[in-house]
Amino acid sequence: MNLDLTGKVALVTGASRGIGASIAQTLAKQGATVIITGRQIALLDAVAKSISQAGGKAHIITANLLEESECISLIKKASELTGKIDFLINNAGFGIFEPLEKTSVETWDLIMASNTRAPFILSREIIQHLRSNGGGAIVNIASVVGQKGYVNQAAYTASKHALMGMSKVLGKELQNDNIRVHAICPGGVDTEMVAASRPDLDRNALIKTQEIAETVLFLLTRTSGVIDQIDIHRNSSTPWA
């Protein structure tokens with residue numbers, strides 16, 4: 001399989017740490033120019049530096065994806081910066097884990113805005129750019145909770161179910177435009193969010209961020225398919241599997 005992404009441009013959200021950072025570093029290693037975005041410039045600088053030191057190309061655009069105007073501006077700035085965008089990786093996400101009866105409307109809205117609304121706006125805005133390139137791909141980082149339900153994760157689960165539904169429809173809508181839509185549904189991943197929400201878990205049993213990054217690379221180098229739903233689990237005993 002040819003994994004060379006030379007000449008391609010990928011926009012990765014939530015790239016300051018964790019899964020997003022691993023995706024950006026992996027794609028850059030294969031020749032892609034990556035545009036990394038988030039809100040913490042110091043962390044983004046560190047990721048960009050690691051990519052540069054490894055011989056890759058990275059650009060930083062800070063954005064608050066909770067704001068529609070900043071989502072729209074992000075796509076515009078990224079396109080102007082590099083001349084085109086081939087891939088959008090909707091990775092940025094947020095979770096607060098508590099019983100439904102204790103979940104406020106503010107918490108519900110915040111999670112939905114981060115995990116569903118932002119990918120919707122970014123996907124909507126990038127379609128015209130992908131069409132003008134003759135095609136491309138959108139990869140949504142969902143979760144096993146996009147298919148299942150877990151105690152104390154009602155808002156987070158609802159947001160990922162919504163992301164999966166959008167991915168399925170968008171894949172069919174863009175099928176004739178040579179734009180592929182993929183969704184990745186990992187179980188527990190060794191990230192700061194999981195560590196904070198489930199400190200009881202054995203981190204050695206969790207999926208590594210590099211495994212998600214390699215899956216993204218595989219999907220971006222495919223040449224066919226409408227929507228691929230990739231489920232990643234370390235083993236059957238791992239929570240969120």
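- Considering all non-hydrogen atoms of both residues, S123 and N90 come closest at OG-ND2, 3.3 Å.
- The cluster map of Ile, Leu, Val, Met, Phe, Trp and Tyr, joined by side-chain heavy atoms under 4.5 Å apart, puts I51 and L217 in the same cluster.
- Minimum heavy-atom separation, A92 to T13: N-OG1, 2.9 Å.
- For the pair D4 (side chain) and T6 (backbone), a donor-acceptor distance under 3.5 Å is present.
- Checked by atom type and distance alone, the side chain of S159 pairs as donor or acceptor with a backbone atom of Y156 at under 3.5 Å.
- Each of T33, I138, L88 was checked for a side chain to side chain contact (heavy atoms under 4.5 Å, CB included) with L11, and the lone residue meeting it is L88.
- Two residues are said to be in side-chain contact when any heavy atoms from C-beta on lie closer than 4.5 Å; I35 and I61 meet this criterion.
- Linking ILVMFWY residues whenever their side-chain heavy atoms come closer than 4.5 Å, directly or via other members, places I85 and L65 in the same cluster.
- A continuous path of hydrophobic side-chain contacts links L5 to I89 [ILVMFWY only; heavy atoms under 4.5 Å].
- Between the side chain of N140 and the main chain of S167, no donor-acceptor pair closer than 3.5 Å is present.
- The pair E68-R124 meets the salt-bridge criterion, with a side-chain N (NZ, NE, NH1 or NH2) lying under 4.0 Å from an Asp/Glu carboxylate O.
- Looking at E125 and C71, their side chains never come closer than 4.5 Å, going by heavy atoms from C-beta outward.
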(request) Evaluate the criterion side chain to side chain contact (heavy atoms under 4.5 Å, CB included) for residue pair I111 and D109; output intermediate values, then yes/no. (result) CA-CA 6 Å; I111 292 173; D109 288 346; over 6 Å; no

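- The main-chain N or O of I75 is never found under 3.5 Å from a side-chain atom of S79 such that the two would form a donor-acceptor pair.
- Linking ILVMFWY residues whenever their side-chain heavy atoms come closer than 4.5 Å, directly or via other members, leaves I96 and L100 in distinct clusters.
- Placement of F87 and L163 in two distinct hydrophobic clusters is found when ILVMFWY residues are connected by side-chain heavy-atom separations under 4.5 Å, directly or transitively.
- In this structure, the side chain of T209 does not engage the main chain of S22 through any donor-acceptor pair within 3.5 Å.
- A donor-acceptor pair is defined here as one N or O able to donate and one able to accept, closer than 3.5 Å; such a pair exists between the side chain of S104 and the backbone of T107.
- Across all their heavy atoms, P119 and T116 have their closest contact at CD-O, 3.3 Å.
- Formation of a donor-acceptor pair under 3.5 Å by the N178 side chain with backbone atoms of G134 is found in this model.
- Atom NZ of K84 has more than 12 neighbouring heavy atoms from other residues, nucleotides or ligands inside a 6.0 Å radius.
- Shown here for V34 and A28, the closest heavy-atom pair between the two residues is CG1-N, 4.0 Å.
- Residues T62 and L44 form a side-chain contact, since some pair of their non-hydrogen atoms from C-beta on lies under 4.5 Å apart.
- Annotation: the span from H129 atom NE2 to K76 atom NZ amounts to 9.0 Å, rounded to 0.5 Å.
- In this structure a side-chain-to-backbone donor-acceptor pair under 3.5 Å is present from N115 to F94.
- One finds the CD1 atom of I60 at 12.0 Å from the NZ atom of K49 (value rounded to the nearest 0.5 Å).
- Looking only at side-chain heavy atoms (C-beta outward), R17 and Q40 come within less than 4.5 Å of each other.
- Contact check for L66 versus S114: side-chain heavy atoms found under the 4.5 Å cut-off.
- Atom CE in M166 sits 10.0 Å away from atom CD in E173 (nearest 0.5 Å).
- Between P186 and I212 the shortest heavy-atom distance is CB-CD1, 3.6 Å.
- Distance check: L74 CG to I121 CD1 gives 11.0 Å after rounding to the nearest 0.5 Å.
- A donor-acceptor contact shorter than 3.5 Å is absent between the side chain of K8 and the backbone of L220.
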(message) Please evaluate residues N152 and E98 with respect to the criterion side chain to side chain contact (heavy atoms under 4.5 Å, CB included), reporting the C-alpha separation (whole Å), side-chain torsions for both, the decisive distance (0.1 Å), and the verdict.
(response) CA-CA 4 Å; N152 297 334; E98 57 191 6; 5.5 Å; no

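- Here CE of M164 is found 10.5 Å from CD1 of I184. Values are rounded to the nearest 0.5 Å.
- In this structure, the side-chain contact (heavy atoms from CB on, under 4.5 Å) partners of T157, at least two apart in sequence or on a different chain, are V145, Q153, H161.
- Shortest non-hydrogen contact noted between V47 and A15 is CG2-O, 3.5 Å.
- Within the 4.5 Å cutoff, side-chain heavy atoms of I127 are placed close to those of L174.
- No hydrogens or angles considered: nothing links the side chains of T26 and E214 as a donor-acceptor pair under 3.5 Å.
- The shortest distance between side-chain heavy atoms of V216 and N91 does not fall below 4.5 Å.
- Of the possible polar contacts, none joining the D86 side chain to the G136 backbone as a donor-acceptor pair under 3.5 Å is found.
- A distance of 13.5 Å separates CD1 in I41 from CZ in R39, rounded to the nearest 0.5 Å.
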